[in-house]
Amino acid sequence: MNIRSSLLKAFIIAGVLATHTAIAQDSKELYNTASKFMRNGDYSNAILVFNQALQLEPDNFEYKKQLGFTYYLKGDLVKARSIIEPLLGSRDADVQVYQIAGNIYIGREEFKTAQKMYEKALKKFPNSGELYNDNGSLLMNIKLYDGALRSWIKGIEQDPTFPGNYYNATK
C-alpha cells in the first residue's frame, strides 16, 4: 500500500511537471511566432498569437510588453496604453517598457504625462542613455530646447556608449 501510494504520488508529480513544461514550451513557441508576425508587419496576427501566449501564461511581463508594443505599432494607442500603463508600476518594469509608454503618450499628444513618466523612469534608471535621449527628444518637440540639450548632455555623461545623445546634442 505504501509503495502504491508513493508510485501514485510520483506519477502525479511527473504529470504536473510535464504539463507545466509543455505549457511553457507552447507559450514560448507562440511568443516566437507572434514575434515573427510583428517583425513582418503583420500586427493583427501578432496580437492574436500574443494573446494566446498570455492565456497560457497570464502573468508573463514580456508577453504583455510585446503585446502593448504591437498595438502601438498597429496604431491602436488606446489599447497599447491600457496594456503598457499597468506594467509601469511593476518591479519588472525595464527601460524598454518606459520607452514604449513614452512613444504612446507622445503619439497621443499627452506631453505632460510623457514628461512625468520620463522623470520617474530616469530616477529608476539614471544610467540609461536611451531614456535621456527619448526625454530630450520630447523636450525638443515641445520647444524646451535648453531642457532637451541638458537631457542629452546628461545622457552622454551617464551612458557615454549610447550614440543617440551625441547625435541629438550636436544638432
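Bear in mind the structure is a predicted one, so any value in this text is a computation, not a measurement. Residues: numbered from 1 along the sequence shown.
When all heavy atoms of I83 and K64 are compared, the pair lying nearest together is CG2-O, 3.3 Å. Across A34 and A46, no two heavy atoms sit closer than the pair O-CB, 3.5 Å. In this structure, Y63 and E57 approach most closely via the heavy-atom pair OH-OE2, 3.7 Å. Nearest heavy atom pair, residue S27 against residue A53, reads O-CB, 3.9 Å. In terms of heavy-atom proximity, M38 sits nearest to Y43 at O-CE2, 3.5 Å. Between A80 and G68, the shortest heavy-atom distance links the atoms CB-O, 3.4 Å.
Under the 4.5 Å side-chain heavy-atom criterion for grouping Ile, Leu, Val, Met, Phe, Trp and Tyr, M140 is not connected to F111 through any hydrophobic cluster. Connection of V95 to L122 is established within a shared hydrophobic cluster, with ILVMFWY side chains joined at heavy-atom distances below 4.5 Å, either directly or through further cluster members. Cluster membership check: L88 shares its hydrophobic cluster with L138, using side-chain heavy-atom separations under 4.5 Å among Ile, Leu, Val, Met, Phe, Trp and Tyr. Under the 4.5 Å side-chain heavy-atom criterion for grouping Ile, Leu, Val, Met, Phe, Trp and Tyr, W152 is connected to Y145 within one hydrophobic cluster.
When side chains are defined from C-beta on, Q115 counts as touching L144, because their heavy atoms get closer than 4.5 Å. Side-chain contact between E110 and R81 is present, with heavy atoms from C-beta onward closer than 4.5 Å. Side-chain contact between Y166 and P160 is present, with heavy atoms from C-beta onward closer than 4.5 Å. Two residues are said to be in side-chain contact when any heavy atoms from C-beta on lie closer than 4.5 Å; S44 and K74 meet this criterion. Side-chain atoms of D146 and R150, non-hydrogen and from C-beta on, do get closer than 4.5 Å to each other.
Side-chain N or O atoms of Y132 include one that pairs as donor or acceptor with a backbone N or O of P126 at under 3.5 Å. Formation of a donor-acceptor pair under 3.5 Å by the N133 side chain with backbone atoms of G129 is not found in this model. In this structure, S151 contributes its side chain and A148 its backbone to no donor-acceptor pair below 3.5 Å.
The structure places CG of N60 at 11.0 Å from CG of L67, a figure rounded to the nearest 0.5 Å. A distance of 5.5 Å separates CZ of F50 from OH of Y31, quoted to the nearest 0.5 Å. Atom NZ of residue K171 and atom CG of residue L149 lie 13.0 Å apart, to the nearest 0.5 angstrom. One finds the CD1 atom of I104 at 12.0 Å from the OG1 atom of T113 (value rounded to the nearest 0.5 Å). Rounded to the nearest 0.5 angstrom, L131 CG and Q158 CD are separated by 12.0 Å. Of the inter-residue distances, the one linking N127 atom CG with K154 atom NZ reads 9.0 Å to the nearest 0.5 angstrom.
Every residue meeting the salt bridge (charged side-chain N to carboxylate O under 4.0 Å, His left out) condition with E62, not counting sequence neighbours, appears here in chain and number order: K65.
Using modelled atom types, one finds no donor on one side chain facing an acceptor on the other under 3.5 Å when comparing D159 with N165. Counting only N and O atoms by type, the side chains of N135 and S137 include no donor and acceptor under 3.5 Å apart. Side chain to side chain, E85 and Y105 meet the donor-acceptor criterion of an N or O pair below 3.5 Å.
In this structure, K124 places its NZ atom where more than 12 heavy-atom neighbours from other residues, nucleotides or ligands lie under 6.0 Å away.
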request  = Might you work through the side-chain contact (heavy atoms from CB on, under 4.5 Å) test for F69 and Q96, ending with a clear yes or no?
outcome  = CA-CA 10 Å; F69 184 53; Q96 195 177 45; over 6 Å; no
ask   = What do the steps show when you test D94 against F61 for side-chain contact (heavy atoms from CB on, under 4.5 Å), and what is the final call?
value = CA-CA 10 Å; D94 57 7; F61 183 87; 4.3 Å; yes
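Aromatic ring orientation, Y98 versus F125: perpendicular (interplanar angle above 60°, classes split at 30° and 60°).
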